[in-house]
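Here is the structure we will look at.
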Protein chains: 2
Amino acid sequence: MTISDISRIRRFNRAVTREVGALDHSFLGRGRPLGAARVLNAIGQGIDEVGALRANLGLDSGLLSRLLRGLEGEVLITLARDDADGRRRRARLTPAGQAEFEAYETLSDTRATDLLAAHPNTSALLTAMDLIATTLGREEIEIAETDPRAEAAIHCLEAYYAELAARFDGGFDVSLSCDPEAASMTAPRGAFFVALSDGMPLGCVGLKGTDLGYAEIKRLWVAPSARGLGLARKLMTRAEAAAQKLGITTLRLDTNAALTEAQAFYRNSGWHEIPRYNDDPYPTHFFEKAVAAPGA
Amino acid sequence: MTISDISRIRRFNRAVTREVGALDHSFLGRGRPLGAARVLNAIGQGIDEVGALRANLGLDSGLLSRLLRGLEGEVLITLARDDADGRRRRARLTPAGQAEFEAYETLSDTRATDLLAAHPNTSALLTAMDLIATTLGREEIEIAETDPRAEAAIHCLEAYYAELAARFDGGFDVSLSCDPEAASMTAPRGAFFVALSDGMPLGCVGLKGTDLGYAEIKRLWVAPSARGLGLARKLMTRAEAAAQKLGITTLRLDTNAALTEAQAFYRNSGWHEIPRYNDDPYPTHFFEKAVAAPGA
DNA sequence: ATTTATAGCTGACTAAAGTCAGGCAAATGA
DNA sequence: TCATTTGCCTGACTTTAGTCAGCTATAAAT
């Protein structure tokens with residue numbers, strides 16, 4: 001092969017290094033050094049505690065302090081002591097600071113829009129970006145408990161339904177399926193989890209409580225860009241731990257033969273096949289797993 | 001849609017900004033400031049003229065001069081006057097400089113290898129990187145005349161044959177086709193061009209001279225990651241200009257019905273269909289175009 | 001043979017980033 | 001309650017990056 005894998009990655013590195021440099025340069029156009037701009041942006045993103053800013057930007061305490069003083073001097077931010085802990089201080093944007101923050105946002109968005117317009121196949125470009133961002137950020141994927149009606153959860157569920165529709169021979173219509181009520185997947189009856197990578201939902205799983213002596217695992221899904229990173233297992237582990245806490249001892253789930261990789265996953269993570277236990281038209285295979293008691 | 005296109009791009013930006021920062025940081029681990037490391041790397045890549053370094057790294061003359069002095073002090077490089085132009089100076093790595101350069105290369109390669117290992121679908125990751133690097137670098141794609149036996153040309157041709165094999169119903173075997181001899185696609189009989197983006201070949205076209213009163217356009221191909229950027233037209237324009245220079249007045253080409261987008265492209269760029277003019281088994285459609293005389 | 005332009009260098013600066021020791025006030029823990 | 005820790009700050013630095021005017025040598029143009 002004439003073009004090695006590594007040389008392709010390094011070409012990518014050069015391209016994005018140039019791009020990052022160009023964005024930094026465009027930020028300088030607002031007459032503020034990069035350090036100050038970064039702090040302002042972080043505050044705009046909602047990172048308001050001084051300590052969190054320090055951690056997030058990797059700045060020395062003294063340096064950050066001076067940058068904050070500078071932004072205060074420009075009347076872009078105000079700092080106030082935290083009510084709960086008087087040592088801590090919280091930064092807030094003033095109206096002028098908000099305007100300035102938005103100006104930086106606009107610079108970023110304009111670059112992003114230009115990039116989108118540059119390629120005829122927008123969807124392929126975005127998919128490529130998602131894949132790379134997910135791969136680069138794989139260490140920082142967190143699993144958060146959330147309401148199944150929250151935005152991130154709905155995003156996952158819609159993607160999940162769309163995928164089922166594409167993969168099932170006769171399509172998929174949620175309304176024909178036993179769509180679990182949200183209440184059955186929230187405390188104290190059940191739980192719902194999403195995997196988040198820098199804010200983007202990449203996967204979900206629901207634990208649905210029932211009155212039938214078992215709970216069900218529902219809506220286990222991982223985004224295509226994140227498959228192979230072991231996310232399904234992480235989500236499942238979280239759901240099982242939640243079940244344990246709720247005193248649930250038996251878990252069940254159903255799946256369709258078309259989802260071959262899902263079946264393989266269940267079989268090699270402690271589930272065993274059982275007879276049909278519901279009359280949902282979509283599933284073809286049914287599994288059960290015993291959950292150890294909390295103290296065991 | 002809950003996740004906007006722009007937010008996806010910005011997540012990508014954050015991910016690569018972090019990655020670029022991490023790579024810079026790992027470079028600092030060799031005890032040399034980034035500026036000096038960059039200069040050393042550029043010299044290692046073969047950029048040896050001081051002026052070229054300045055242009056390439058975007059450095060001020062004075063600053064670069066000082067950085068070069070520093071590297072000379074570390075005995076990593078030597079500077080000697082250019083034989084052809086005594087004002088110019090050329091940098092060369094000493095053995096110690098070569099070793100140091102290679103240490104930086106290893107750092108880069110290790111990161112690249114780790115990244116590759118991080119994702120189960122290596123080929124998808126690389127394809128995504130190619131697409132993004134090409135999109136980001138779209139302004140700097142250059143079209144270079146080259147020998148059809150050169151590495152970049154062969155890379156394109158192999159990809160072209162592989163694509164034909166995949167798209168033609170009965171596959172494609174070069175040896176059954178009229179594979180033009182390299183000599184017919186080099187001066188003074190013809191020409192061969194490749195499109196290069198930061199060293200990666202993204203497309204090609206051959207101008208094949210014949211003794212039959214016309215020349216042929218052969219092997220017009222654009223990499224999937226670069227389609228939609230107008231590269232085919234650029235390549236064709238270059239080939240036509242080369243034909244003009246060689247005094248060729250009539251161009252012909254053949255194509256297969258399976259390549260629908262190619263046919264559309266020929267029709268809307270001045271070509272008209274003519275009867276079959278050869279007995280190659282693969283083509284189904286034949287085109288001709290008149291080239292204006294040089295002086296016209 | 002001059003004049004002019006070019007390539008690179010040096011000196012003298014400034015701005016930005018980063019480091020580190022110490023200080024103070026609030027919170028925490030024995 | 002009092003020592004200790006924590007969170008943030010200030011002062012006093014250094015290093016890195018970057019700018020700019022002017023210098024010298026070579027080369028090119030007239």
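Numbers restart at 1 for each chain; the letters A, B, ... are given by sequence-line order, proteins then strands.
- With hydrogens and angles ignored, the 3.5 Å screen pairs no side-chain donor or acceptor of B:S197 with any backbone N or O of B:I141.
- The distance from atom CZ of A:R88 to atom P of D:dC9 is 13 Å, rounded to the nearest whole Å.
- Between B:L28 atom CG and D:dT14 atom C1' there is a gap of 16 Å when expressed in whole angstrom units.
- You can see that DNA chain C meets the heavy atoms of chain B within a 4.0 Å-exclusive cut from C:dT6 to C:dA12, reading 5' to 3'.
- Taking atom CG of residue A:L79 and atom C1' of nucleotide D:dC9, one finds them 11 Å apart after rounding to whole Å.
- Remark: the backbone N or O of A:L76 is paired with a side-chain donor or acceptor of A:T94 at under 3.5 angstrom.
- With respect to B:E105 and A:R10, a salt bridge is recorded, a charged nitrogen being found less than 4.0 Å from a carboxylate O.
- Formation of a donor-acceptor pair under 3.5 Å by the A:T134 side chain with backbone atoms of A:L131 is not found in this model.
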Which parts of nucleotides 15-28 of chain D does protein reach within less than 4.0 Å, heavy atoms only, written one letter per nucleotide 5' to 3' as B for base, S for sugar-phosphate only and - for none?
-> -SSBBB-----BS-
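- Using a 4.0 Å cut-off between a side-chain N of Lys or Arg and a carboxylate O of Asp or Glu, A:R90 and A:D48 qualify as a salt bridge.
- Residue pairs satisfying the ring pair (Phe, Tyr, Trp, His ring centres under 6.0 Å) criterion with at least one member in residues 67-117 of chain B, sequence neighbours excluded, are listed as follows: B:F27-B:Y104.
- Residues B:P201 and A:I3 form a side-chain contact, since some pair of their non-hydrogen atoms from C-beta on lies under 4.5 Å apart.
- Residues A:L116 and B:D5 form a side-chain contact, since some pair of their non-hydrogen atoms from C-beta on lies under 4.5 Å apart.
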